Amino acid sequence: MAAQIGIVGGGFSGLLSAWLLERLLGDEAEIVVLEAGDQVGGRVRTTRVPEAGVSYEAGVAEFYDIAGNPQLRHLVRHLGLETRPLTGTPSFAIDGRVVHDDAELAGWLGQRGIDQVRRFWERGTALRPPADYALAGRLQDNEHPWLHRTFEDVLGEIDDARGAWFTAMQCHSDLATEPARTSGLFGMDNLLIDHPGYCTMYTLTGGNDGLVRALAAQLTSPVLRSAPVTSVRADDTHGIQASCTTSGGAQTRDFDALIFTLPPPGLRSVRWADTTLSSAVDAHIRHHDHGTVYLRVTLLFRRRFWRDLFPEDYFVSDAFGGVTVYDQSPDVGADGVGVQSWLIAGTDALALAGRPDADVVAAVLGAMPAGVTVPDGALITGCVDRWTGVAGVSGLPGGVPLLPLDRRHAPDPRWPQLLFVGDYLYDSTLCGALDAVLHVVTRLAGRLTDRPLAPNAALALFAPPSGVIAAPPDPVPHAAFFLDERRRS
Ligand SMILES: Cc1cc2nc3c(=O)[nH]c(=O)nc-3n(C[C@H](O)[C@H](O)[C@H](O)COP(=O)(O)OP(=O)(O)OC[C@H]3O[C@@H](n4cnc5c(N)ncnc54)[C@H](O)[C@@H]3O)c2cc1C
């Protein structure tokens, strides 16, 4: 008889889990995806605004190509999706001025400041070689000296107030939280996104939701929408049962295996009926719940009036504690519609999230960098996407210390087929979600079929043979790392 597998959540992790398990198990499994919302994709969401003839990324804005961890790139290629590189040399709008290169940065930071920041990068890269970065979130990170310190504490190594402030601000533009609320290691890992020896970035032509749409289109298993799972029972009498609400009323189904793809606030909203299970899930949530928020504010303008000052795909501003501002304008030259997308993070995002859209849009318009004047009548509309609660992100993925993989993914050892995946277990990105899914589906398929599976069996479904085990990346010289060096590479 085919194994009954339930997958809770129809975001990237849920759809990918279903897609891989269909291929690993064939007719040995019957799979169903249960999604709470009326559409799939979760935090990968491309919003189309037909009246302005444009679209923007409301959730995931950039795909990371991590040296030595090409898995996401392989999946994107395998699905036949076209990509476009993101230019990775942001300019900074800081302290009322715009900084485009090392000389301008040194002019603002001063020689001592820039030397101190350079030293910090030298130490940070020496402690985090690319081969380790490629395996972020694995157990060996417990040995890293900065995992057990806060990022705020680690920033204290920059013996220059301006240099420390600049580095905190730069990091905050990627990381969804404040330096005191995350580890030194996760803070450094976020800075390294800007280092081309570690990571480059790209987007999908036609919208980042192409990834989830491609997976969904290739699934043969049913995906039930508007079907939130509300309770789970796992005990010796009933086995694993999940209840969900659907338009036809409540339904309870029996499963041989159940994969949850919800961040901790979502797990908390489920009723875990068995006492032992409930306390195991509670402990899992307590360890991993470092939820924080993003606010995506997208402004559609009649034209791209900031282009001369900020010609690249994004810039970083010191507004809101450090914010990345993406230029998502369609590629039709300076005269076309301009799309500016502000990814506000952490405390400022939380404070703004409760305010009406008009106030949020006004706050962003008021934070335009010096030298950028919004022409009268230029704003077509402003869109506010609030990513809080179950849709938020983890500011300390994996928690401290990181748990062994089996415990991380299966909180109740009595029920190894009740599994949890998600970016909150690794690095708060699609790459981490992919790592989590690969681990879980390979284990599960082996367990259900009682057939030994190669550790890379799931990865081999979409990676070329040479890419199954990624070669360790070439060592990057542990040089200081600044704007001009990035431009050269
Ligand atoms: C604003 C923002 C920007 C981001 N930018 C990037 C980026 O640029 N690059 C990057 O790599 N990552 C980025 N991330 C992180 C990225 O979005 C996640 O890593 C990824 O989308 C995780 O996918 P997932 O399927 O694990 O979770 P989700 O996408 O959250 O999917 C979970 C699904 O479960 C559903 N669900 C919730 N509760 C229930 C329930 N009770 N029953 C059934 N279904 C339920 C939800 O509706 C959702 O569809 C960003 C995140 C946010 C919020």
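Quantities reported herein were computed from a predicted structural model and do not represent experimental measurements.
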Does Arg73 form a side chain to side chain donor-acceptor pair (under 3.5 Å) with Thr83? I'd like the steps, not just the answer.
CA-CA 10 Å; Arg73 169 64 84 175; Thr83 62; 3.2 Å; yes
With side chain to side chain contact (heavy atoms under 4.5 Å, CB included) as the test, would you mind laying out the steps for Asp327 and Glu312 before giving the verdict?
CA-CA 7 Å; Asp327 185 340; Glu312 295 175 298; over 6 Å; no
Leu147 and Val400: CA distance, side-chain angles, deciding distance, side chain to side chain contact (heavy atoms under 4.5 Å, CB included) verdict:
CA-CA 7 Å; Leu147 181 74; Val400 178; 4.2 Å; yes
If we ignore hydrogens and angles and just use 3.5 Å, is the side chain of [X] paired with the main-chain N or O of [Y] as donor and acceptor?
| X | Y | answer |
| --- | --- | --- |
| Arg43 | Gly392 | yes |
| Arg296 | Arg386 | no |
| His439 | Val421 | no |
| His74 | Ala463 | no |
| Asn456 | Leu459 | no |
| His287 | Pro401 | yes |
| Gln116 | Gly163 | no |
| Glu62 | Leu86 | no |
| Asn208 | Ala61 | yes |
| Glu35 | Gly10 | yes |

Knowing that exactly one of Tyr198, Tyr64, Phe186 qualifies, which makes a ring-ring contact (aromatic ring centres under 6.0 Å, His included) with Tyr133?
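Answer after filtering Tyr198, Tyr64, Phe186: Tyr198.
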Could you check Tyr424, Phe420, Tyr426 and say which one makes a ring-ring contact (aromatic ring centres under 6.0 Å, His included) with His409?
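Option passing the ring-ring contact (aromatic ring centres under 6.0 Å, His included) with His409: Tyr426.
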Ignoring hydrogens, what is the shortest heavy-atom contact between [X] and [Y]? Give both atom names and the distance.
| X | Y | answer |
| --- | --- | --- |
| Ala168 | Leu155 | CB-CD1, 3.6 Å |
| Leu277 | Leu418 | CD1-CD2, 3.5 Å |
| Ile158 | Ala164 | CG2-N, 3.6 Å |
| Gly266 | Ser269 | O-OG, 2.8 Å |
| Ala280 | Pro411 | CB-O, 3.7 Å |
| Leu434 | Phe12 | N-CE2, 4.0 Å |

Under 6.0 Å between ring centres, would you say that holds for [X] and [Y]?
| X | Y | result |
| --- | --- | --- |
| Trp19 | His78 | yes |
| Phe92 | Phe166 | yes |
| His284 | His288 | yes |

Relative to the ring of Tyr314, is the ring of Tyr326 parallel (under 30°), tilted (30 to 60°) or perpendicular (over 60°)?
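If you compare the ring of Tyr326 with that of Tyr314, the planes turn out tilted.
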Taking the six-membered ring for Trp, are Phe310 and His100 parallel (under 30°), tilted (30 to 60°) or perpendicular (over 60°)?
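Correct class here is tilted.
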Do [X] and [Y] sit within salt-bridge range, that is, some charged N less than 4.0 Å from a carboxylate O?
| X | Y | answer |
| --- | --- | --- |
| Asp412 | Arg414 | yes |
| Arg128 | Asp132 | no |
| Asp282 | Arg268 | no |

Passes side chain to side chain contact (heavy atoms under 4.5 Å, CB included), Glu82 versus Leu204? Steps please.
CA-CA 6 Å; Glu82 206 181 302; Leu204 300 187; over 6 Å; no
Euclidean distance, [Y] [atom2] relative to [X] [atom1], rounded to 0.5 Å:
| X | Y | atom1 | atom2 | answer |
| --- | --- | --- | --- | --- |
| Thr261 | Ile7 | OG1 | CD1 | 8.0 Å |
| Tyr202 | Thr200 | OH | OG1 | 8.5 Å |
| Thr298 | Glu57 | OG1 | CD | 9.5 Å |
| Leu402 | Arg407 | CG | CZ | 11.5 Å |
| Arg84 | Met201 | CZ | CE | 12.0 Å |

With no hydrogens and no angle check, just 3.5 Å: does a side-chain donor-acceptor pair link [X] and [Y]?
| X | Y | result |
| --- | --- | --- |
| Gln417 | Trp415 | no |
| Thr347 | Glu178 | yes |
| Ser329 | Arg307 | no |

Do [X] and [Y] have side chains that get closer than 4.5 Å, going by heavy atoms?
| X | Y | answer |
| --- | --- | --- |
| Val393 | Trp387 | no |
| Pro416 | Arg447 | yes |
| Ile94 | Trp165 | yes |

Under the criterion side-chain contact (heavy atoms from CB on, under 4.5 Å), which of Val384, Val364, Val323 is the partner of Leu295?
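So, applying the side-chain contact (heavy atoms from CB on, under 4.5 Å) to Leu295 and each of Val384, Val364, Val323, only Val384 qualifies.
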Does the ring of Trp121 carry Arg123 above it, NZ/CZ under 6.0 angstrom from centre and within 45° of its axis?
no
